[in-house]
Amino acid sequence: MRKFTLLFLLPLLTVGLSFSGFSQSSASITVSNGAKDTISRHIYGQFAEHLGRGIYGGFWVDPSLPVKKQDRIRLDVVNALKKIKIPNLRWPGGCFADEYHWRDGIGDRSQRPKMINTNWGGVVEDNSFGTHEFLELCQLLGCEPYVSGNVGSGTVQEMSNWVEYLNFDGESPLTNLRTKNGHPKPFNVHFWGVGNESWGCGGNMTAEHYSDEYRRYAVFAKDYNNAKLKKIACGPSDQDYNWMETCMKNIGSRNMWGISLHYYTLPTGNWNDKGPATGFGEKEYFNTISNTLRMDEFITKHSAIMDKYDPNKKVALVVDEWGVWTNVEPGTNPGFLFQQNSLRDALVAGTNLNIFNNHCDRVKMAALAQCINVLQALILTDKEKMLLTPTYYVFDMYKVHQDAQYLPIKLNTPDYEFDGKKLPAVNASASRDAAGKIHITLVNLDARNSVNVSTEFKGLQWNTVTGQVLTSASVADINTFEKPNTIINKRFTGARKNGDKLVVNLPSKSIVSLELN
């Protein structure tokens with residue numbers, strides 16, 4: 001692990017937490033009909049690595065824990081994720097994927113070998129949660145599995161055998177083994193990552209070496225009946241444009257379904273001291289927002305490289321690790337990457353999802369890091385307790401965009417100013433669903449000022465508007481097990497029709513989702 005084309009310029013800044021006074025400024029949006037692109041539901045994907053309490057103590061719990069379970073899968077977590085319609089789940093990593101050997105996680109659990117998780121805390125991995133358990137979890141969630149194969153410490157044969165074990169509908173030693181383990185029919189897993197962060201924890205390779213390795217692995221990862229693979233190459237981190245150029249040139253658009261991009265928002269921009277998840281001040285908030293806006297820059301520039309080799313946009317850009325990465329919570333295992341989740345995280349999530357939506361011609365898949373108890377999680381648990389984070393409620397509000405027709409927007413936004421520096425205060429995206437309803441999601445990053453937004457429509461008709469809003473008194477506010485409902489989505493009444501235009505009073509530090517019918 002580790003532009004808006006029209007919306008974002010990227011200077012550095014800082015912002016306040018909560019303010020007694022406020023002022024108001026104005027923005028304008030034009031929403032147009034006629035685009036042919038679809039916002040893929042897979043943009044709203046999630047990531048579950050064998051890391052900290054993400055799997056063990058998150059999805060997969062002790063048999064004695066007094067919560068509803070299927071086998072050891074925690075069902076209140078499953079039901080919460082079903083509500084927001086997560087479309088895919090990436091597993092088993094992350095860095096862990098390149099030390100994971102799938103045969104250790106099948107068969108009789110009492111006979112499975114234990115191993116050391118050398119990447120995350122040096123804890124013992126008992127392999128009780130393996131391939132069959134993961135695929136049962138995906139079935140319960142109603143989502144597609146996204147399996148990351150081991151290129152770093154594995155072999156071509158190991159990945160080839162895993163694909164056959166899961167997808168071949170016929171007789172072979174591997175399918176006989178699958179039947180013995182309780183699943184005669186194939187699982188038909190389509191999404192396969194060929195390595196993870198091969199430039200770093202996945203093997204410390206050069207782009208040239210990885211490109212050759214990908215081509216070799218991909219040859220032996222076979223398509224079977226009803227299971228054509230969507231192979232995803234390990235792409236770059238951040239602004240490593242040479243890695244993208246080399247992979248696009250050497251692998252070619254016919255040999256991969258997608259290529260990944262990883263970018264984490266660090267509040268300080270410093271990996272050695274990333275900043276706290278709670279109790280932060282104006283500078284940390286402002287820098288966090290400034291840093292997260294760089295996602296648009298990276299997607300724009302990587303997409304331009306992809307366009308050189310793939311002008312028809314057949315290869316998906318897969319942002320399968322993104323989110324806020326802070327220092328761990330005091331007193332927790334530093335290898336478990338447990339952090340709290342604030343309104344700041346929700347504003348980051350809404351902004352990034354708007355960016356992905358507006359790049360849906362190239363971004364076809366993404367995965368927030370991570371789903372539960374790790375980094376910018378949707379859900380936090382403590383034994384039998386469970387809470388939904390502010391980020392969860394953003395995904396709940398934005399699920400309306402999944403597989404909807406993209407509606408291009410043109411946005412003029414005021415600046416959010418602090419200490420003589422500026423960033424765009426408002427970002428947005430829009431879509432129209434199969435029933436003809438228009439959905440607009442707006443984020444006001446300004447912690448002090450509300451914004452009046454006037455929206456006109458070209459080629460689109462509507463009569464009524466309803467909405468939801470997510471905000472709080474401070475961008476540092478959080479949900480806790482004692483007060484789990486401090487930040488939840490609520491009914492929004494600040495939007496109305498004025499002639500042919502939509503007029504919205506967008507509160508400071510807020511995410512708003514509107515439905516026009």
Donor-acceptor pair, side chain of Gln339 and main chain of Val324, under 3.5 angstrom: yes
Lys NZ or Arg CZ of Lys497 over Trp462 ring: under 6.0 Å, within 45°: yes
Side-chain (Asn88) to main-chain (His42) donor-acceptor, under 3.5 angstrom: yes
Asp310/Arg254 salt bridge by N-O under 4.0 Å criterion: no
Flag, side chain of Asn373 to backbone of Gly54, donor-acceptor distance under 3.5 Å: no
Set of side chain to side chain donor-acceptor pair (under 3.5 Å) partners for Gln46, sequence neighbours left out: none
Polar contact flag, side-chain donor to acceptor under 3.5 angstrom, Thr471-Ser510: no
Residue Gln139 excluded, over 12 heavy atoms near CD under 6.0 Å: no
Flag, side chain of Asn479 to backbone of Leu388, donor-acceptor distance under 3.5 Å: yes
Asn452 side chain to Asn505 side chain, donor-acceptor N/O pair below 3.5 angstrom: yes
Minimum heavy-atom distance Ile478-Thr278, with the two atoms named: CG2-CG2, 4.1 Å
Greater than 12 external heavy atoms within 6.0 Å of Asn225's CG: no
Exercise: do Ser513 and Gln468 side chains pair donor with acceptor under 3.5 Å: no
Polar side-chain atom of Lys231 near backbone of Ala221 as donor-acceptor pair, under 3.5 Å: yes
Side-chain donor or acceptor of Trp199 paired with backbone N/O of Gly235 under 3.5 Å: yes
Pair His262-Asp238, side-chain donor/acceptor within less than 3.5 Å: no
CG-CD1 distance between Asn196 and Ile232, expressed to the nearest 0.5 angstrom: 11.5 Å
Under 3.5 Å: donor-acceptor pair, side chain of Asn167, backbone of Val189: yes
All ring-ring contact (aromatic ring centres under 6.0 Å, His included) counterparts of Tyr241, not counting sequence neighbours: His302
Lys/Arg-Asp/Glu bridge criterion (N-O < 4.0 Å) met for Arg90, Glu49: no
Sub-6.0 Å ring centroid separation between Trp257 and Phe191: yes
Donor-acceptor pair, side chain of Asp345 and main chain of Gln376, under 3.5 angstrom: no
Rounded distance [0.5 Å steps], CG in Leu378 versus OG1 in Thr391: 7.0 Å
Parallel, tilted or perpendicular: ring planes of Phe280 versus Tyr285, cut at 30 and 60 degrees: parallel
Chi angles and distances behind the ring-ring contact (aromatic ring centres under 6.0 Å, His included) call for Phe47, Trp91: CA-CA 7 Å; Phe47 178 26; Trp91 171 87; over 10 Å; no
Ion pair check, Asp477 and Arg344, cut-off under 4.0 Å: no
salt_bridge(Lys308, Glu245) N-O dist < 4.0 Å: yes
Lys399 and Asp396 ion-paired at < 4.0 Å: yes
Check: Thr292 side chain, Thr288 main-chain N or O, donor-acceptor pair, under 3.5 Å: no
Lys/Arg N to Asp/Glu carboxylate O, Glu417 vs Arg448, below 4.0 Å: no
Proximity of Trp192 and Tyr146 rings by center, below 6.0 Å: no
Greater than 12 external heavy atoms within 6.0 Å of Lys313's NZ: yes
Lys364 vs Ile43, side-chain contact (heavy atoms from CB on, under 4.5 Å): CA-CA, chis, key distance, verdict: CA-CA 6 Å; Lys364 303 295 184 183; Ile43 284 173; 6.0 Å; no
Point-to-point distance, once rounded to the nearest 0.5 Å, from OH of Tyr398 to CG of Leu353: 6.5 Å
Under 3.5 Å: donor-acceptor pair, side chain of Asn291, backbone of Leu266: yes
Distance-only side-chain donor-acceptor flag, Tyr392 / Asn341, under 3.5 Å: no
CG/Asp500: more than 12 non-hydrogen atoms of other groups inside 6.0 Å: no
Let me have the donor-acceptor pairs involving side chains of residues 432-445, under 3.5 Å, with sequence neighbours excluded, atom names and distances please.
{"unit_1": "Arg432", "atom_1": "NE", "unit_2": "Gln405", "atom_2": "OE1", "d": "3.3"}
{"unit_1": "Arg432", "atom_1": "NH2", "unit_2": "Asn33", "atom_2": "OD1", "d": "3.0"}
{"unit_1": "Arg432", "atom_1": "NH2", "unit_2": "Gln405", "atom_2": "OE1", "d": "3.1"}
{"unit_1": "Asp433", "atom_1": "OD1", "unit_2": "Ala435", "atom_2": "N", "d": "3.0"}
{"unit_1": "Asp433", "atom_1": "OD1", "unit_2": "Gly436", "atom_2": "N", "d": "3.0"}
{"unit_1": "Asp433", "atom_1": "OD1", "unit_2": "Lys437", "atom_2": "N", "d": "2.9"}
{"unit_1": "Asp433", "atom_1": "OD2", "unit_2": "His439", "atom_2": "NE2", "d": "3.1"}
{"unit_1": "Thr441", "atom_1": "OG1", "unit_2": "Asn354", "atom_2": "OD1", "d": "2.8"}
{"unit_1": "Thr441", "atom_1": "OG1", "unit_2": "His401", "atom_2": "NE2", "d": "3.0"}
{"unit_1": "Thr441", "atom_1": "OG1", "unit_2": "Ser429", "atom_2": "OG", "d": "3.1"}
{"unit_1": "Asn444", "atom_1": "OD1", "unit_2": "Asp446", "atom_2": "N", "d": "3.0"}
{"unit_1": "Asn444", "atom_1": "ND2", "unit_2": "Asn449", "atom_2": "O", "d": "2.9"}
{"unit_1": "Asn444", "atom_1": "ND2", "unit_2": "Leu506", "atom_2": "O", "d": "3.4"}
{"unit_1": "Asn444", "atom_1": "ND2", "unit_2": "Pro507", "atom_2": "O", "d": "3.0"}

Side chains of Asn357 and Tyr44, donor plus acceptor under 3.5 Å: yes
